[in-house]
Structures are given as C-alpha cells and as structure tokens.
Amino acid sequence: MSRIEPRTFRGTRDFLPSELIPRRRIVRVIEEAYRRYGFQPLETPAIEYLDILTGKSEENDKLIYEIRRARGDAEETAESAIALRYDLTVPLARVVAQYAELPRPFKRYQIQPVWRADRPQPRQGRYREFVQCDADILGTDSPLADAEILALTNEVLTALGFQNFRIRLSSRKFLAGLSELVTSDESHFFDFCRCLDKLDKIGWDGVENEFSQNNIPAQTARSLVAELMNVGGTKPDFEAARKLVDTNEAALNGISEIEIVFRAALELGVSEGNLVFDATLARGLDYYTGPIFETVLPDLPHLGSLTGGGRYDGLVATFSKHSVSATGTTIGLDRIQTALTQLKQFHREPSETQVLIARFDDAGVSTNLELAAELRRTGLRVEIWYDNDRMKKQFSYADQQKIPYVVVCGPDERARGEVSLKNLQTQQQVTIPRSELASTLSKNLA
RNA sequence: GUGGUUGUAGCUCAGUUGGUUAGAGCAUUGGAUUGUGGUUCCAAGGGUCGGGGGUUCGAAUCCCCUCAGCCACCCCA
C-alpha cells in the first residue's frame, strides 16, 4: 500500500494552534473596531457563478480560480460555470443588488477567505488563499463615509501595534484629470496610472522611462506629477494643487474630494502624519470611481499594501438597474500577520489553557474531575491529565504549553481538604483550602 | 504568466577529486530522578538523500527531465 504524501496545495497553509491563537486575536481587534463603527456582519459563499465574479474585473480574470469537476453533470454548463471568489467586494455588490430589503446606508463587514491563482510569495505576504477583512458603506455619496473608512483603518492599525504606517489617499477623478492634462488620448489612462504607481519602486527616472515606453509625454507628465507630489504629503497644500491642474474640471473635482475626505479624517481622529495625499497612488484599475486609498509600512517596503479600498459607485449597477453609491476598504489579515512577524511583534502561543489539574493517583480522579468542573464554571480554561504519568511529565507538558498554573491534589492534600497550586512562571507553590482554589485562580489570572 | 535560485532526519544544516553501513545540533521518546517543569548527563527511535531516467565497477555527489519550496518582476491583500 503506497502512502499518500501529506502536503498542502501551493499558496495555502495550515494554521497550527501556536500561530492561530495570536492570529485570532488580530481578527478580534479588527472585528471589534468594525462593530464600534456600526458595521453589521455578512457572509457569502466561497463559490459563486463565474459571470458574477468576472462581471467587472476582466483584468483579473486569469487570477480567478475556476472550479472544474472531474465528471460533467447537468450543472456543468457554460451558464453555470463556477469559481472561488476573488474578493469580497463583488459578492457584496451582488448581495446589495439581490436583497431590496437591506437598509440604507448599508454598512457591513465581512471576514472571509478569498482565492487568487497567482504565484505565492510569503515575504511579500502573498498567498493563493488569504483572508480579507472588509468594511463597506453603501447608499451614500457623502465623503464622510470615505473619511470614516480611513479613520477605521487608522484605528485598527494603531490598535494592532503599528507605530509607523501611511494611509495614502488620492482620487480616481483626480487621476483622470491628470491623465487628460498630460495626454489627450483617453486610452492612456490605465497606462498612466500604472506608470505612476511604480514611483516608489523604480524612482523618477524609471517612471519617466515608463511614460515614454507607453507613448505618454514623459517630461510633461513627470514635471506635473513631481510638482503635485511637492504640494501633497502629510500637510497638503490643496490650493497649490489646484493651481497646478489649471482649469481641468476632473482634476479640480478630484482635489476637492480629496481635501474634504482628508480634513474629515483628521477630525475623526486620524493622526496627522499617518495620512498622506499622494498623487502617485493608482490602485485597482477597474471599479473605483472616487477617492482611493491604501496603507503601506515605510519600514517594510517590499511588503505590499496592508489595506486598500476606495469608492466604487458603479459596481452595484452591474447587478441591478438601480445604482448604489459605495465606499469601503479591505484589511489584509495575512499581510498584517506577515508584517507583525517581520517586525518581530507576532508572538506564538502554544495554548490558551490557564490551569492543568495534575493526576497524582487513581484515588484522586474524582476530586480532579470535581475541581475541573468547578473551575470551568467560573470561566477558567482548564485541562485535566488523563493518564497515570509521573509528575515530571505532567509539569513538563504544562511548561511547554506555557500553561501558567498546575494544581496537584495528592493524598496529603486530600486528607486536609487542600490543594497545591503552583505558578510555573514564579515557581511559587502554595497549599490552600480547596474551597479557595477558584477564587485564588480567578484573582491571579485577572 | 516571465526570470532566477534551492531541494539530505520533524526543524536548521554538514557530507572531501564520485568510494564501505549517509552524519551533527535542535526537537521527540525513555532513563539518571516513583510528589513537581526549564539546566545537565546517558541512551534510543527517526532518512524513498524531492521524484524519474541516464553515465559509471560504484552516485547524496556528474548529466537530462520533472515536481516542490524560495526570491524578483507582473499584479495585488
């Protein structure tokens, strides 16, 4: 009989307990922040019809995981081709189009895995299966909604312990205007954005070179963007920016929109210095229509963005005759975990158990079970030892699992109605009346 | 998708110009220590040398193919 080699599919991972425990703590921080801002939970299927997923993002078609069945059955027709979801935004748009009863504004958060068929690269926090934590507001045009998304992003990253991050802010309208100013040919818009976006990677000369290769007037583009960068940053001069774009309407509208969002975000508590107006931010080339934003860490430039989002007022109309304004962001759980790991701020934890009740002898089993039940009733996380092993082995287990307390109740303790309680960290051991065990532990672990 | 690089024990790695039965540290298990962890000492278990083919008297070592991991690009979370 040939053994099957145990392995995981490329770009997917197992999360063993010591990694999952702190990872879940991160999720909890994100979810609590989302709830504080008044977002309600949503979950959608991992599998969607392919036409739903491809409706608006042809660019990424090749990254969508299509599901192929080994044997064709009635379901497997062109109309019912299915795939794993690529992001959470498109399914959200589908949901909003599908359920008329949802309130306006509709504020939902969604924390679920998505799948992309690109090449994994752990150092950059890229996987084929990864978890997105989305928060979106639908049904309002207000820039306050965009600003709230920025404040939320700022709050989450701060709460997770990031000291040095930049939320970059720009606008699709602004970029469209720039593109018009530089090249009259509208078809160059996406190329223009793509070139811009490379600045921090290849520098000004590199960007100018890219412009040339894409038949965009390179020197004009470079000098305009460079000047806009000078008036941007953490204390942007929006008046100066307006002068630079002259009378271009789209650019002027974009700047105004950026200005309003920027100011509101600061009022909502985003620290000055964390938020930057950055003319080279381009982002998603498909469905964004207004403000766009993403978060990067200056200390880890190789890592992609930790968060990314923007306004996408046209997406719901892909699935409905009614159009619904929408803005939101995704926070990349795996990017965050990767970043914290590289910053040495992600600490593994083998166990969440607080108390191990050691097994001294057969005669003490009933006592142990009663103790465990009592401690668990008070909310403590408790393990009992199942076999007749030496104390050494049991303590060694507690030590390796970093379980802080071990309770021992042998014949001596039982005779006096007591238990011995050892704190493995301080190495202090006390013998106390059995009736005081629960309260003592609760107090010490609080 | 493009280019590069690396595959030897659970992990990190050594392995001479190709030459007996492929090693070390850590980890695991047992013992020294039958009422108590981390240190120390002793011992044991654990290897299709990524897989397949070829060259050779002989391959972990050389050649070809293939698979996988990693890195950069593309793109993004």
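Model, not experiment: these values are computed from the prediction. Naming: A, B, ... by sequence-line order, numbering from 1 per chain.
In this structure, A:Arg416 places its CZ atom 16 Å from P of B:G35, rounding to the nearest Å. Here the C1' atom of nucleotide B:C76 and the CG atom of A:Leu306 are 13 Å apart, to the nearest Å. For the pair A:Lys392 NZ and B:G30 P, the computed distance is 10 Å after rounding to whole Å. In this structure, the CG atom of A:Asp389 is 14 Å from the C1' atom of B:G35, given to the nearest Å. Per the geometry, CG belonging to A:Asp197 stands 10 Å off C1' belonging to B:C75, to the nearest Å. To the nearest angstrom, P of B:G37 lies 11 Å from CE of A:Met391. The CG-C1' distance, from A:Leu297 to B:C76, rounds to 15 Å in whole Å. If you take CD of A:Gln121 and P of B:A77, they are 16 Å apart, rounded to a whole angstrom.
Contact check, A:Lys201 against B:C73: a side-chain N or O comes under 4.0 Å of OP1 or OP2. Contact annotation: A:Gln124 side-chain N/O to B:C71 OP1/OP2 distance is not under 4.0 Å. Distances shown here put a side-chain N or O of A:Lys393 below 4.0 Å from the OP1 or OP2 atom of B:G30. Between A:Arg123 and B:A72 there is a side-chain N or O to OP1 or OP2 distance below 4.0 Å. The shortest distance between the side-chain N/O atoms of A:Gln400 and the OP1/OP2 oxygens of B:U28 is below 4.0 Å. Under 4.0 angstrom from either OP1 or OP2 of B:U36 there lies no side-chain N or O belonging to A:Arg390.
Here the separation of B:G50 from B:A24, taken at their C1' atoms, is 22 Å to the nearest Å. Comparing the P positions of B:A60 and B:G53 gives an interatomic distance of 14 Å, to the nearest angstrom. Across B:U29 and B:C70, the matching C1' atoms stand 33 Å from one another, rounded to whole Å. Atom name C1', nucleotides B:C74 and B:A68: the rounded distance is 22 Å, in whole Å. Rounded to whole Å, the C1' atom of B:C75 lies 43 Å from the corresponding atom of B:A59. The same atom, P, is picked in B:C62 and in B:C26; the two are 30 Å apart, to the nearest Å. For the C1' atoms, the distance linking B:A14 with B:G7 amounts to 15 Å, nearest Å. Nucleotides B:G47 and B:U36 are separated by 35 Å at their P atoms, to the nearest Å.
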Does the ring pair (Phe, Tyr, Trp, His ring centres under 6.0 Å) test come out yes or no for A:Phe211 and A:Phe192, once each step is laid out? CA-CA 7 Å; A:Phe211 281 138; A:Phe192 176 74; 5.7 Å; yes
Could you please spell out the steps behind the ring pair (Phe, Tyr, Trp, His ring centres under 6.0 Å) verdict for A:Phe39 and A:Tyr109? CA-CA 6 Å; A:Phe39 291 84; A:Tyr109 73 88; 7.5 Å; no
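In this structure, B:U34 forms no base pair with any nucleotide, since neither Watson-Crick nor G-U wobble geometry is met with both distances under 3.5 Å. Across all strands shown, B:U2 forms a Watson-Crick or G-U wobble pair, both distances under 3.5 Å, with B:A72. A 3.5 Å limit on both hydrogen-bonding distances identifies B:C11 as the Watson-Crick or G-U partner of B:G25.
By the criterion of a centre-to-centre distance under 5.5 Å and near-parallel planes under 30°, the ring of A:Tyr397 forms no stack with the base of B:G37.
Within the 4.0 angstrom heavy-atom criterion, base atoms lie near A:Gly304. In this structure, A:Pro122 reaches the sugar-phosphate backbone alone: every heavy-atom distance under 4.0 Å involves primed, P, OP1 or OP2 atoms, never a base. Heavy atoms of A:Asp87 sit nowhere under 4.0 angstrom from any nucleic acid atom.
Counting distance only, with no hydrogens placed and no angle test, the side-chain atoms of A:Arg126 and the base atoms of B:C75 include a donor-acceptor pair under 3.5 Å. No N or O donor and acceptor, one from the side chain of A:Gln425 and one from the base of B:G37, sit under 3.5 Å apart. Residue-to-nucleotide contacts include a donor-acceptor pair under 3.5 Å from the side chain of A:Arg335 to the base of B:C76. Looking at A:Gln394, its side chain has no donor and acceptor atom pair within 3.5 Å of the base of B:U36.
Evaluated for a side chain to side chain contact (heavy atoms under 4.5 Å, CB included) with A:Leu102, the options A:Leu42, A:Val324, A:Val95 yield exactly one hit, A:Val95.
Shown here is A:Arg381, whose CZ atom has more than 12 heavy atoms of other residues, nucleotides or ligands within 6.0 Å.
Salt bridge status for A:Lys402 with A:Glu352: absent, with no side-chain N to carboxylate O gap under 4.0 Å. At a threshold of 4.0 Å, the pair A:Arg108-A:Asp136 counts as salt-bridged, since one of the basic side-chain nitrogens sits closer than that to a carboxylate oxygen.
Here B:G35 is the nucleotide among B:G35, B:A77, B:C75 with the atom lying nearest to any side-chain atom of A:Val408.
A:Tyr288 does not carry A:Arg311 over the face of its six-membered ring by the limits of under 6.0 Å from the centre and within 45° of the normal.
Sequence order on RNA chain B of the closest nucleotides to A:Pro411 and A:Gln132 puts A:Pro411 first from the 5' end. Toward the 5′ end of RNA chain B lies the nearest nucleotide of A:Arg119, the other residue of the pair A:Phe395 and A:Arg119 mapping further downstream.
A:Arg376 places a side-chain N or O within 3.5 Å of a backbone atom of A:Val382 that can act as its donor or acceptor partner.
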